[in-house]
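Just so you know, these numbers use all the heavy atoms, side chains as well, and skip hydrogens, waters and symmetry mates.
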Amino acid sequence: MTPVEVIQGDSPIVLGLPHTGTWMPDEMSARMNDTGRALADTDWHIHQLYDGILPGATTVRAMFHRYLIDANRDPSGVSLYPGQNTTTLVPLTDFDGKDIWDQPPTEAEIAAHRDQYHAAYHAELEAELQRVRAKHGVAILYDCHSIRGDIPFLFDGRLPDFNIGDNLGTTCDPRITTAVAAICEQAEGYSSVTNGRFKGGWTTRHYGRPDEGMHAIQMELAQSTYLTDEAEPWAYDAEKSARLRAHLTQILKTLADLAPSLGGAK
């Protein structure tokens, strides 16, 4: 299994896909319980949802599952949201707080997985962002995510449909966030928020360096916007997805058009 899939394009946009992979080594899957083996916390079908909506966009996709090691967590293990329930670099529970392992990985195994998978994903992502920035003078990382909209263990109430994160305005030029937020707010039948429960994961925070011509923004979608149900079998809903893809297309095209005005790296 190749841990990372890269599709190179010539656009200033790079799509990060850290949580759509479902591959787990057999020996690790055997050490999980039934809850863990269900892989319920996958960003189901997100790669399919975004496929082809911006010709020329580069995509970097982790093929391994986040339960093996989470490519969107700080490799040092520092929490993204101190004081709040969240999952760790190697999750021990699912999003509902239920144990997922009969025999959790050891510290040595976690270190090995970090080197073999987490580091591999970020090496490819860094390389593509640098390549795109060298070509355009600027790169925009759009980090693609989805999650169930109702998870009491992680947040109160119902999650909005579009959850935009720029870590409180620090990871990208404000024109990027303004443009994305405006499209989401005008999308009929959808709700949206900026820097709500999800302010941008480690990927967005790590690569978002606007002064260097590197911009990053996260989009966390409620899975009800494109799945038939937020439950097994996690079926992709073609009608819902077509409606959502129209808005996602507008977002990515707007960002691609905006890129030349952002200026190059200093």
Could you tell me whether [X] and [Y] make a salt bridge, using a distance below 4.0 angstrom between a side-chain N and a carboxylate O?
X    : Y    : answer
D43  : R66  : yes
E124 : R131 : no
D96  : K98  : no

Between [Y] and [X], is there a side-chain heavy-atom distance shorter than 4.5 Å?
X    : Y    : value
P105 : M28  : yes
R148 : W234 : yes
F64  : M24  : no
T106 : E109 : yes
M32  : D102 : no
I46  : L17  : yes
F155 : F198 : yes
I251 : M219 : yes

Nearest-0.5 Å distance, [atom1] of residue [X] to [atom2] of residue [Y]:
X    : Y    : atom1 : atom2 : answer
R114 : R73  : CZ    : CZ    : 15.0 Å
R133 : I140 : CZ    : CD1   : 13.0 Å
I147 : L221 : CD1   : CG    : 11.0 Å
T20  : E5   : OG1   : CD    : 8.0 Å
I13  : L255 : CD1   : CG    : 5.0 Å
Q48  : D51  : CD    : CG    : 8.0 Å

Identify which one of M214, E212, H215 satisfies the side chain to side chain contact (heavy atoms under 4.5 Å, CB included) criterion when paired with V138.
->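 So the option named by the test is H215.
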Could you tell me whether the side chains of [X] and [Y] share a donor-acceptor contact shorter than 3.5 Å?
X    : Y    : answer
D166 : T177 : yes
S146 : Q223 : yes
T59  : H47  : no
H19  : D70  : yes
N72  : T203 : yes

Show the nearest heavy-atom pair for residues [X] and [Y], with the distance to one decimal.
X    : Y    : result
L159 : R197 : CD1-CB, 4.3 Å
Y121 : A71  : CD2-CB, 3.7 Å
E185 : S192 : CG-OG, 3.6 Å
N195 : G165 : OD1-CA, 3.6 Å
A216 : C172 : O-CB, 3.6 Å
P75  : L89  : O-CD2, 3.4 Å

Side chain of [X], backbone of [Y]: donor and acceptor closer than 3.5 Å?
X    : Y    : result
N167 : R205 : no
N163 : E220 : yes
Q250 : H247 : no
R31  : P104 : yes
D229 : A231 : no
N33  : D99  : yes

M63 vs V4, side-chain contact (heavy atoms from CB on, under 4.5 Å): CA-CA, chis, key distance, verdict = CA-CA 6 Å; M63 305 302 287; V4 188; 5.8 Å; no
Hey, what's the ring geometry for W202 with Y207, parallel, tilted or perpendicular (30° and 60° as the breaks)?
->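 Plane angle over 60°, so perpendicular.
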Can you label the angle between the W23 ring and the Y117 ring as parallel, tilted or perpendicular, going by 30° and 60°?
->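 Tilted: the ring planes of W23 and Y117 meet at 30° to 60°.
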Chi angles and distances behind the side-chain contact (heavy atoms from CB on, under 4.5 Å) call for R209, T171 | CA-CA 6 Å; R209 303 187 292 271; T171 64; over 6 Å; no
Tell me whether [X] shares a hydrophobic cluster with [Y], the cluster being built from Ile, Leu, Val, Met, Phe, Trp, Tyr side chains joined at under 4.5 Å.
X    : Y    : result
V180 : I53  : yes
I7   : L141 : no
V193 : Y142 : no
I164 : L168 : no

Do F162 and Y190 pass the ring-ring contact (aromatic ring centres under 6.0 Å, His included) test, and can you show the C-alpha distance, the side-chain angles, and the key distance before you say yes or no?
-> CA-CA 7 Å; F162 294 105; Y190 295 89; 5.3 Å; yes
Hey, is NZ on K240 packed in by over 12 heavy atoms from elsewhere, all under 6.0 Å?
->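 Counting neighbours around NZ of K240, more than 12 heavy atoms of other residues, nucleotides or ligands fall under 6.0 Å, so yes.
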Exceeds 12 heavy-atom contacts within 6.0 angstrom, atom CD of E239 =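 Open.
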Could you go step by step and tell me if Y226 and D237 meet the side-chain contact (heavy atoms from CB on, under 4.5 Å) rule?
-> CA-CA 6 Å; Y226 70 97; D237 189 303; 6.0 Å; no
Begin from the C-alpha positions of R61 and C144 and carry the test side-chain contact (heavy atoms from CB on, under 4.5 Å) through to its verdict.
-> CA-CA 10 Å; R61 180 189 176 201; C144 309; over 6 Å; no
Where do H113 and H118 land on the ring-ring contact (aromatic ring centres under 6.0 Å, His included) test, with the steps shown first?
-> CA-CA 7 Å; H113 295 162; H118 189 287; over 10 Å; no
